[in-house]
Number of protein chains: 2
Amino acid sequence: MPRPPTRLLSPEIITDAAIRMVDTAGDFTMPGLAERLKVRPSSLYNHVSGRAEIVEAMRARIMSTIAVGAPAGDWSETVAALAREYRRAYAAHPRLIPLFTAQTVQSPVAFGLYNALAQAFTDAGFTPAQVLHAVTTVDSFVLGSALDLAAPEVVWANVPETGDAMRAALQTAGPNPQRADAAFEFGLRALVAGLVAQTPAGR
Amino acid sequence: MPRPPTRLLSPEIITDAAIRMVDTAGDFTMPGLAERLKVRPSSLYNHVSGRAEIVEAMRARIMSTIAVGAPAGDWSETVAALAREYRRAYAAHPRLIPLFTAQTVQSPVAFGLYNALAQAFTDAGFTPAQVLHAVTTVDSFVLGSALDLAAPEVVWANVPETGDAMRAALQTAGPNPQRADAAFEFGLRALVAGLVAQTPAGR
DNA sequence: ACCTGAACACCGTTCAAGT
DNA sequence: ACCTGAACACCGTTCAAGT
């Protein structure tokens, strides 16, 4: 039965299914997507241009959940809140993140977030060049932290006998996501404190 | 001519070719690797178990270029030096990094580095749990910064009309790798300063 | 021990054919 | 407008056959 009465597909439906497939399987394929949607693989191409576009749609979907909001309080509190919100968006679907790093971004879907960060750093008194570096720094730290969230526990298993400092540290490690969350909060506090210290007038 | 007089392949030769292929093409395939090595794809399986093992071998190769060295000076200088060395190793082959994030690490090849960082943080007076968080923070920041290095210039093209703070910042952006390098140095200074400030006794 | 050729299952994508 | 079936090029991997 070609062309059923009710629409079987749309870019949104396909993106939803792809996110669910990555959440459960760690990756997605066009045939796998088609099967979940009870459709033939070629049908997908009536709605999306291909696999790359689905990845970009998933990225846009994740980014669209970021609520920038009005700045409240100190600029450093604004930066911390934006960084937490940014990571929260990634953390909702941690297994998507490796797909994002593999593929070049095609549209600045995170521009609203970047600009809110840039405004906060501008308020802090940084020069435009420093603002760019500071936004990049927050972006790098959040992305790296989000990747840490997707890492399995086994990463740290079977450590060598030597290295007492790291072994002692590892023995305190609980399961994810608590460990990654705690590390992110620790790092964010340090990073924001360090940015405050870099401020020209100590604002 | 099966079995030529001189060995055509080895795990090292295959890993070398894979790194070169990723450097130039952004990815590698078994047939592509075989062609470069003037061999049939099935020949590769006499030396490596498969694609995943090649990725792990590339990771190990990159990590093996990290020189930990003896700590000199303040613990915070040691941390900064290790972070720079870690990122330098990644930066030598930036297009490899997305492959690393896609695949789970199978052996703690970076343990020497992690332990040197852990020792520095222990010297600083952090508790074992804080040491783990601090090592994770440096790891996340370096990985995120290395991914930034692989990002093409176009990422920032065609920004919206709104958003003056970010637009002003973007106008200062030079080409990579200079832009990414400068952002990393800025972020590293902030992060290390922030870590010093988190120290129990202000050591 | 190690390279080859043939084969397999699988993937992304295209396109004419249907309604 | 949109789903299908068939087809294509390509990929990762296996394995018996060669020397």
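Every chain is numbered from 1 and lettered A, B, ... according to where its sequence line falls, protein lines coming before strand lines.
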| field | Heavy-atom side-chain proximity of Leu9(B) to Ser43(B) below 4.5 angstrom | value | yes
| request: Rounded off to whole Å, could you give me the CG-to-P distance for the Leu8(A) and dA1(D) pair? | output: 17 Å
| query | Whole Å only: how far is the CG atom of Leu33(A) from the P atom of dC10(C)? | reply | 17 Å
| G-U wobble or Watson-Crick pairing nucleotide for dC3(D) (cut-off 3.5 Å, both distances) | none
| said: Rounding to an integer number of Å, can you tell me how far Met30(B) CE sits from dT4(C) C1'? | reply: 15 Å
| Side-chain N or O of Arg40(B) closer than 4.0 Å to phosphate OP1/OP2 of dC3(C) | no
| task | If the plane angle is over 60° it's perpendicular, under 30° parallel, otherwise tilted; pick one for Phe186(A) and His133(B). | result | tilted
| query | Would you say dA1(C) has OP1 or OP2 under 4.0 Å from some side-chain N or O of His47(B)? | reply | no
| query | Is Ser42(B) near enough to dT4(C) that one of its side-chain N or O atoms lies under 4.0 angstrom from OP1 or OP2? | reply | no
| Who is the Watson-Crick or G-U wobble partner of dG12(C), with both distances under 3.5 Å? | dC8(D)
| request: Give the nucleotide from the list dT4(D), dC11(C), dC11(D) with an atom nearest to the side chain of Thr29(B). | output: dC11(D)
| query | Can Gln119(A) and Asp123(A) be counted as having a side-chain donor-acceptor contact under 3.5 angstrom? | reply | yes
| Does NZ or CZ of Arg20(A) come closer than 6.0 Å to the centre of the six-membered ring of Phe28(A), within 45° of the ring's axis? | no
| Can you check the Phe28(A) CZ to dC11(C) P distance for me, whole Å? | 12 Å
| task | Measure the distance from CG on Leu44(A) to C1' on dG5(D) and round it to the nearest whole Å. | result | 15 Å
| field | Tyr45(B) side-chain proximity, nearest of dG12(D), dC2(D), dG12(C) | value | dG12(D)
| query | Side chain of Arg51(B): nearest nucleotide among dC2(D), dT13(D), dC2(C)? | reply | dT13(D)
| Pair Glu12(A) + Arg61(A), salt bridge at N-O below 4.0 Å | no
| query | When the distance from CD of Glu53(A) to C1' of dG12(C) is rounded to whole Å, what number comes out? | reply | 14 Å
| request: Map Gly32(A) and Ser43(B) onto DNA chain C by nearest heavy atom, then report which one ends up closer to the 5' terminus. | output: Ser43(B)
| Within this structure, what is the CG-to-C1' distance between Asn46(B) and dT19(D), rounded to whole angstrom? | 13 Å
| query | Please give, in whole Å, the distance from dC2(D) P to Leu37(A) CG? | reply | 15 Å
